[in-house]
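Each remark here refers to the structure printed beneath this line.
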Amino acid sequence: MKYPEYKQPLNYGQLGEDILAWWKEHGIFEKSVSSREGQPTFVFYEGPPSANGAPGIHHVMARTVKDIFGRYQTLLGKQVPRKGGWDTHGLPIELQVEKELGITKEDIGKKISVEDYNQRCKETVMRFKAQWDDLTEKMGYWVDLNDPYVTFEPEYIESCWALLKKLYDKGLLYKGYTIQPYSPAAGTGLSSHELNQPGTYKDVKDTTVVAQFKVIWDEKSKALLDGPYGEQNVYILAWTTTPWTLPANTGLAVGKNIKYLLVRTVNQYTREEQLVILAENLFGKYFAETEEHNRSNSYLTMNWASDEPVVNKKGLLTRWVINEEFTGADLVGIKYERLFGPEEGFPHFEGEERAFRVINGDFVTTEDGTGIVHISPTFGADDFRAAQLADIPALMVPDAEGTLGPIVDRTGRYVPQMGEFAGRWVKNYDGHDETGADYKTLDESIVIKMKGDGTAFKVEKYEHTYPHCWRTDKPVLYYPLDSWFIKTTAVKDRLIELNKTINWKPESTGTGRFGNWLENLVDWNLSRSRYWGTPLPIWRTQDRTEEICIGSIAELKAEIDKAVAAEIMTHNPYANGEKVDLHRPYVDDIFLVSPTGQPMYREPDLIDVWFDSGAMPYAQWHYPLENEGQFQKNFPADFIAEGVDQTRGWFFTLHALGVMLEDSVAFKNVIANGLVLDKNGNKMSKRLGNAVDPFATIKQFGPDATRWYMIANAPPWDNLKFDPAGVTEVQRRFFGTLFNTYSFYALYANLDEFQTSEFDRVPHAELSELDRWVLSKLQSLIVEARGHLDNYDPTKAARAIQDFVTDQLSNWYVRLSRRRFWKGELTQDKRAAFETLQECLVVVAQLMSPIAPFFGEWLYKNMTDGMRAEAEAKNTPLAPESVHLTLLVEADTARIDPKLEERMELAQRISSLAHSLRKKSVLKVRQPLQRILVPVLNESTKEQVGLVEDLICAEINVKHIEFLDDESESGVLVKSVKPNFKRLGQQYGPRLKAVGARIQQMTAAEISKLEKEGSLAVEVDGQPITLAPDDVEIRTDDLPGWLVATDGPLTVALDVTLTDELRQEGLARELVNRLQNLRKDSGLEVQDKIRVTLADQQPELTAAVAAFGDYIRTETQALALTFAADVNGGSVLEFDDYSVPVFLEVATS
RNA sequence: GGGCUUGUAGCUCAGGUGGUUAGAGCGCUACACUGAUAAUGUAGAGGUCCGUGGUUCGAGUCCACGCAGGCCCA
């Protein structure tokens, strides 16, 4: 059976399609899993994509990363089940449907029923599934698409419910509140999407106040603030544009790295002397620079009690002295007095003993205000979060039913406990008349009181933008709204601890982005006020005293039966085996009965879609309701990979659920890959028109070059600048070279009708130096590539494979071995060459196959199909029909020969130097030369180079290498020394410069002495030191009278003397070259024999042919090479100064 | 604003634990080579290693502060 031969250029797109068809026909993917039955499992989790949009080139990137390791682990013999999945819930789908229908959330339940709306979502979410499946196949991503998990299916939702119930039973599910945009006028919360509607942000003019909070004197504040003037009135300044939130203040936040000042000044409303604290950067906003302040004793000269104005025309304070400065971190922990306390008729509240402290807030800036932020946990999201982290309570008061709530009710007015302000509207939500002369807004009333109390530092009208409800045009409040939470903070330490056992690529995402996120963890807000998603399975009585969390469809049915019995429901909608849909609105129509007989209503929220995807390790098997064994076998994952943007998304929810449910990591290794940008580093977008179409790319370049480029160009976790020119380069340089190498092999193997066998091979010991070298390099490559892939670094593996193929295998081994392949009969040496190249190509096919699965398959099949029958019969490593079913070769380390690799590198470098010298001397490689000279300083280099002398000579066309050493008489070795700074630096430190200079002045005699005696005493700056041989590097980079080239310690000189014989041989070579060209131009086959007649016109040429006729005939496969006086009907060979008519004919026998 | 990340030749990227003259590929220029040939070799041009300070005998590498791009969060 012959090796397939191909015409240039290879169509890589077609190759991909052909291999794909073959895979399908032979069920290779299925076999790659089934053939590993009973072997250890390598667990991979597919992060489910959403099919509501077309896939992009970045998906090719992400899925290549995933695919590589599934295939690699299969090659290692593991079984790698790869269950696909689809993410189907969520806001993007709702928005898409609303856009298509031309409706808003308001219209749901009015213009369109929830039922129809959700039906629409369900239809929309899989709209691009066909395209996704197509891409999956074409790019060669092996994942099981026949039995994927789908998050909207009842079984999947049921699993989510079961998991939620587990958490509920552990006490990890609770109802609390979050701060959300809320419209009191409309009585509804607003989504961030609604807030982003045009026109919602308006300029408004508000009364703002810099409030001053009085520091309480205790250990902490004394340590920081106690000055030479005793205990004084020290105030912390904080600015707010919403004075109505000040009665709800329970903390003050500073930036821990911000610089703050303690300033002595006067209150402009009370005229009391006082000390205030504010950020240094904002000092100029409140204080005026005057001449007074330039005096060193300004405190003493300042007339603190003067009746003169204390502010200038710009409103800046003129009487001040800076007393101290410190950072925010110094201030944390200081306590202060409450502004609106019980003594003035304002309410006590739970936890107030922990309130009124300075805390750290990472959101604090010095852009405006005072660099200190007033915290009211009930009216700001930042405030809420910072307060939670610092254990600052919120100011909550009970309503008529005893339920705790903020100081503002849901209609937007102060609750009755608010003393003199009780019942006041915080903004004008009821449309009351504001035009009366005495009318005061609540903000104004509060500020007036503060001025009187001496707690206002500065009051100003201030214009700023503020969000408004798009329906009522009234200002939005940030307000606490009910939410369900998972108490992730309860397992925070465990989350952190187990995260440290996860192998993150890159590591910094695990320790940094993810680690920091865990350190600052708050509870997971599960609630979403939406329609298309997994409903929260909790039913409650109206008085909230009784509730039930449903964990299965069976349980739900049983509870409905109870409700029917209690006549709360008329019938059980699921009783007759009807299809159960757990989505809204169906679950909303189910009412249950509490143990005390009260009706229970479902909590209307849906859960965060991230719960859906984080639950996939369990829900994909319908666990915990069934398939315990399946689940156990596939938990946790050995490997997952997604974009780095999933860090706080999927990576977190997987981890959180894994820790809470199983007290385990959910994945052991994870690659967080970066973005795919366009070639200029811009984000790809359809709008900008710079998005790359994955289908067109794969068709044009083939899937392999696309994948290889993405992996080899940059590590997956760096952003990739996708440049099609780069794919072209990979295609040409790597795949083109590899294809050429294969074609070369196939061409000559077929000519010799040679077929390698796994059994009958030339023994390793009998292989040539070059064969053993490339096989040594191959083993080193196996070690290296496996190491990188084991370490989840595909980029380094790809680069190593690429380097081996292009530089070592093609450009050195094949180039130097060419004639062994085409010359003469099938000798042992020729067989050795075939077998060596065959082994390299087969191993390369295996190693590359995870990254370039199609080409790897193509190469493997082309190389081994001819041996398959025998391999199958004897069940050898090459028995599998597909490279993806083979077991990856282990490196045969016994064949790694470091000395051999070292001397071949010497050969490569010496050849390069010789080429360089030829170039300088204008001597083409075809002109043979007598010798090169190589100075050697030690015996081992001489020996090493000597072993590869033949290779070097052949490569650079010289007769032999002459070594120059101390003993040789041929020339004077001129040695020079270079200081070894690394060694010397450690030894001499600051004296290094002088020592180095002294070394460079060493005489030949000194060098010789150092070499012979092993040490040399010299003087540096009058001090004696002793040099060891290791302190310097001795080299010979000059040969007097010779043209030399050097590369590090290597030096080469070329003898350019030309003898007549050398000239003749050069001519013979020229002639061979021209005849070969002529053969090729005449369209002759490689194996054709020829007869050549040359015009007998040039004596030199005639002499050359006479001397080298055999050589010429052998090289050109000429049976006859004769001269004639006249040559007609042929062509003319031109070279050097010659012009020779020639006649060439194919020899028929 | 915070966290993480990137910044080295025109482009894409390498540059363990600091060592003096910073590399590769592509692209460009010139020359050579030629039965693997859309390949290859040699040489050349091309660098404030993002900036500023610091540590050190010595910094692309370590530290601090910035600048610019990216992602996530707010």
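For the numbers below, each heavy atom of this structure counts, side chains included, while hydrogens, waters and symmetry mates do not. Just so we're on the same page: letters track the sequence lines, and every chain starts at 1. What you are looking at is a predicted structure, and each value in this text was computed from that prediction instead of being measured.
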Exercise. With no hydrogens and no angle check, do the side chains of A/Y478 and A/D383 hold a donor and an acceptor under 3.5 Å apart?
Worked result: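 No, A/D383 and A/Y478 have no side-chain donor paired with an acceptor closer than 3.5 Å.
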If [N] has a Watson-Crick or G-U wobble mate with both distances under 3.5 Å, name it; if not, just say none.
N	value
B/rG44	B/rC28
B/rA64	B/rU52
B/rC71	B/rG3
B/rA14	none

Distance between the [atom1] atoms of [N] and [M], in whole angstroms?
N	M	atom1	result
B/rG23	B/rG46	C1'	14 Å
B/rA9	B/rC26	C1'	12 Å
B/rA30	B/rA22	C1'	26 Å
B/rG7	B/rC62	P	11 Å

Going by atom type alone, with no hydrogens or angles, which donor-acceptor pairs under 3.5 Å involve a side-chain atom of residues 720-737 of chain A and a protein atom two or more places apart or on another chain?
unit_1	atom_1	unit_2	atom_2	d
A/D723	OD1	A/A725	N	3.1
A/T728	OG1	A/P724	O	3.1
A/Q731	NE2	A/F701	O	3.2
A/T737	OG1	A/R733	O	2.4

Phosphate OP1/OP2 of [N] contacted by [X] side-chain N/O (<4.0 Å):
X	N	result
A/S508	B/rU5	yes
A/N1073	B/rC33	no
A/R818	B/rA36	yes
A/T647	B/rC72	no
A/R733	B/rU40	yes

Problem set entry | Ring centre gap for A/F651 and A/F514 strictly below 6.0 Å |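 No, the ring centres sit 6.0 Å or more apart.
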Short N/O separations, protein against nucleotides 27-31 of chain B, under 3.5 angstrom:
unit_1	atom_1	unit_2	atom_2	d
B/rC31	O2'	A/K919	NZ	3.4

Length of the [atom1]-[atom2] vector between [X] and [N], whole Å:
X	N	atom1	atom2	result
A/Y6	B/rU37	OH	C1'	21 Å
A/R815	B/rU37	CZ	P	15 Å
A/Y813	B/rA36	OH	C1'	14 Å
A/L913	B/rG41	CG	C1'	13 Å
A/N520	B/rG1	CG	P	19 Å
A/L518	B/rC73	CG	C1'	14 Å
A/W517	B/rC71	CH2	P	19 Å
A/Q731	B/rC26	CD	P	16 Å

[atom2] on [Y] to [atom1] on [X], rounded to 0.5 Å:
X	Y	atom1	atom2	value
A/M61	A/N673	CE	CG	5.5 Å
A/L1078	A/T1116	CG	OG1	10.5 Å
A/D793	A/H788	CG	NE2	6.5 Å

For this session: Mark yes or no for a side-chain to base donor-acceptor pair under 3.5 Å between A/R513 and B/rC71, with no hydrogen or angle criteria applied.
Result: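 For A/R513, whose side chain was compared with the base of B/rC71, there is a donor-acceptor pair (under 3.5 Å).
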Exercise. Is a donor-acceptor contact shorter than 3.5 angstrom present between the side chain of A/S810 and the base of B/rA36?
Worked result: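 Between B/rA36 and A/S810, which were checked side chain against base, a qualifying N/O pair under 3.5 Å is present.
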Exercise. Side chain to side chain contact (heavy atoms under 4.5 Å, CB included) with A/R820: which residues, sequence neighbours excluded?
Worked result: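 Partners of A/R820 under the side chain to side chain contact (heavy atoms under 4.5 Å, CB included) test: A/S768, A/D771, A/Y813, A/S817, A/D829, A/A832, A/A833.
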For this session: With sequence neighbours left out, write down each residue that passes side chain to side chain contact (heavy atoms under 4.5 Å, CB included) with A/E519, or none if nothing qualifies.
Result: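 Testing A/E519 for side chain to side chain contact (heavy atoms under 4.5 Å, CB included), a comparison that skips the adjacent residues, returns A/I496.
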Tell me what [X] touches on the nucleic acid: a base, only sugar-phosphate, or nothing, going by heavy atoms under 4.0 Å.
X	answer
A/S743	nothing
A/F821	nothing
A/T509	nothing
A/E729	sugar-phosphate

Exercise. In chain order, what residues pass the side chain to side chain donor-acceptor pair (under 3.5 Å) check against A/D523, with sequence neighbours excluded?
Worked result: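 Residues passing side chain to side chain donor-acceptor pair (under 3.5 Å) with A/D523: A/Y174, A/T489.
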Exercise. With a 4.5 Å heavy-atom cut-off, do A/L518 and A/K492 have their side chains touching?
Worked result: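 No - every pair of side-chain heavy atoms lies 4.5 Å or more apart.
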Exercise. With distance as the sole test, does A/R799 use its side chain to make a donor-acceptor pair with the main-chain N or O of A/N713 at under 3.5 Å?
Worked result: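 At least one qualifying donor-acceptor pair exists.
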Exercise. Using a cut-off of 4.0 Å between protein heavy atoms and nucleotide atoms, how would you tag nucleotides 12-17 of chain B 5' to 3' with B, S and -?
Worked result: SSS--B
Exercise. To the side chain of A/L675, which of B/rG70, B/rC73, B/rA36 is closest?
Worked result: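 Of the candidates, B/rG70 comes closest.
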